Protein chains: 2
Amino acid sequence: MDSVERQASTARVKQVANALEEEIVLGWLQPRQRLIEEDLSSRFDVKRHVVREAIAELERMGLVERVQNKGAAVRMLSSTEVRQIYSVREALETLAAQQILLPPRPETIATLIEIQEQHAAAVERGDPRAAFRENIAFHNALFGACGNPHLVEIIRNLAQKVHGVRSYTAASPVHLARARDDHWAMIEALKASDQEKLVQLCRDHLSPSRDTYIASLEQRFGRTGQHPSKESPAQPEPPGENRLERRSRLAESSVT
Amino acid sequence: MDSVERQASTARVKQVANALEEEIVLGWLQPRQRLIEEDLSSRFDVKRHVVREAIAELERMGLVERVQNKGAAVRMLSSTEVRQIYSVREALETLAAQQILLPPRPETIATLIEIQEQHAAAVERGDPRAAFRENIAFHNALFGACGNPHLVEIIRNLAQKVHGVRSYTAASPVHLARARDDHWAMIEALKASDQEKLVQLCRDHLSPSRDTYIASLEQRFGRTGQHPSKESPAQPEPPGENRLERRSRLAESSVT
DNA sequence: GCTACCATAATTGTCAACAATAATGTTGTA
DNA sequence: TACAACATTATTGTTGACAATTATGGTAGC
């Protein structure tokens, strides 16, 4: 594709950032996994400084953590952090839902239905990647109806922060189906101008992914509120498979 | 100062970003004014790529705008944008104030009083720079008492977005005095465990700077909701002094 | 066999020179 | 004088090489 090469670097930075975000959400990049600049730059066929910027972007979004001279790794959220973030999300999304003026403009409904058909199709054919994208589009369009783009932006940013969490639900057919049903129900509430119902739906829509993550987290590391990625002295290390491991470059290039 | 030179660049990036933020807030850098990388790198005595990162940071914070190959300029907010942002701020700060568990821990009060004494001193001696810093510290400490650091972070980010707006009030003795009084009143409300009063104070605390800015903006550009920096075809350009002007390097180096 | 130390490799951070782009000035022509 | 094409300059964007830092593996001394 020639079109990729002739793009402004700022666009390529976003592309790389989005690609990495997707990989994190889909669980291809596990929490604690390192992001090595050189590897990524060859994988995406961009210069290293583009990767650097993309990683900086992800850091700002709260998806990765970096330390001086040690590089970046997919961020691991403690269960308390997840709880805190979700509680703010609940407040903000509830707020936005309350501010949506009912009845909505017909175009709003039309757009939502269109997006949701894409989403449902993605769920149907088991395409979590597309489902993820359409899911974002749906929420943008839905909350966009509240009329305050800055509120929508904040909601989006907060959702991004817990994208790492989604890897536990983003690929699960059960959760995807539930999300799909929720979305249709929201559209119905909009059609019926039932604000109370809409607000309630938005609120309840959040819980499943939060609970699944917290449950799996506490099952693995105990009910501690401690951030498991911090090297707290008296804390036993989590199972080895998940540790921040130095990648072996030799292991890959053993063919040559 | 040798200590400045021996710092990690990530720290220097933050220093430069903070310095620029202050200059924007204090109105030394006016909206639409360009930020030229080379100039800044010599002014702050850092390499250009440090300045670049700092500008990128400011862009993420929403304080400057950049366009491909044309550089960055202090961002100009339209009155509708200001209104929207403040409406979200009001919702969030109200929310945080509601979530503060009363009575507060004694250390919280002590910290707030300590900060506020610094703030009052700064206001007294007419030091808007220090007042700005202490003001931020006060709000961090106050909302920090709500127990949800992520909510606090969002509130801080939103406040940063309208920092450019503050240049209209940050240097005004009247506004600074009012802010000081508000802060003391909030501390009193905390001491008295009067949540309702506290919430109300937080709500009312926001209006003055918003109203001042909107008033001055509408006086200059009319009551349009249009973003004045966008080159909308049928829109007359604002007064020349404020235009995005190419800086004349010769004008400065005429001595050599 | 274990620990402390050193040598080496892997990775990130820094830099200055160069390329690309957009704004400005200048000249030639009608 | 007005305008268009061109040349010049100011500014940002890109690159590859090098420096600094951290992790790893191995070796000697105990």
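Here is the naming used below: chain letters follow the sequence lines, and residue numbers restart at 1 for every chain. In this text, all values refer to a predicted model and were calculated from it rather than measured experimentally.
The distance from atom CD of B:E37 to atom C1' of C:dT21 is 13 Å, rounded to the nearest whole Å. Put simply, CG on A:L40 is 11 Å from P on C:dT11, counting in whole angstrom units. A straight line from CZ of A:R34 to P of C:dA10 spans 13 Å, rounded to a whole angstrom. Atom pair A:L35:CG and C:dA10:C1' shows a separation of 16 Å (rounding to whole Å applied). Atom CD1 of A:I36 is separated from atom P of D:dT24 by 11 Å (rounded to the nearest Å).
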Nucleotides 14-21 of chain D: protein proximity per nucleotide (B base, S sugar-phosphate only, - neither; heavy atom, under 4.0 Å): SBS----S

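Listed by chain and number, the residues in a ring-ring contact (aromatic ring centres under 6.0 Å, His included) with A:F138 are A:H183 (sequence neighbours excluded). For A:S42, there are no side chain to side chain contact (heavy atoms under 4.5 Å, CB included) partners at least two apart in sequence or on another chain. With sequence neighbours excluded, the residues that form a side chain to side chain contact (heavy atoms under 4.5 Å, CB included) with B:A145 are B:I100, B:T108. By the side chain to side chain contact (heavy atoms under 4.5 Å, CB included) test, A:V152 pairs with A:N140, A:F143, A:C146, A:R156, sequence neighbours left out.
End-to-end axis angle of the helix from C:dG1-D:dC30 to C:dA30-D:dT1, using five pairs per end and rounding to 10°, comes to 10°.
Under 4.0 angstrom from either OP1 or OP2 of C:dA23 there lies at least one side-chain N or O belonging to B:K70.
Side-chain N or O atoms of A:Y213 include none that pairs as donor or acceptor with a backbone N or O of A:V162 at under 3.5 Å.
Figure legend: A:R89 and A:Y86 shown as a cation-pi pair, the cationic atom lying under 6.0 angstrom from the six-membered ring centre and within 45 degrees of its axis.
Salt bridge status for A:R60 with B:E53: absent, with no side-chain N to carboxylate O gap under 4.0 Å. A:K161 and A:E81 are not joined by a salt bridge, as no carboxylate oxygen comes within less than 4.0 angstrom of a charged side-chain nitrogen.
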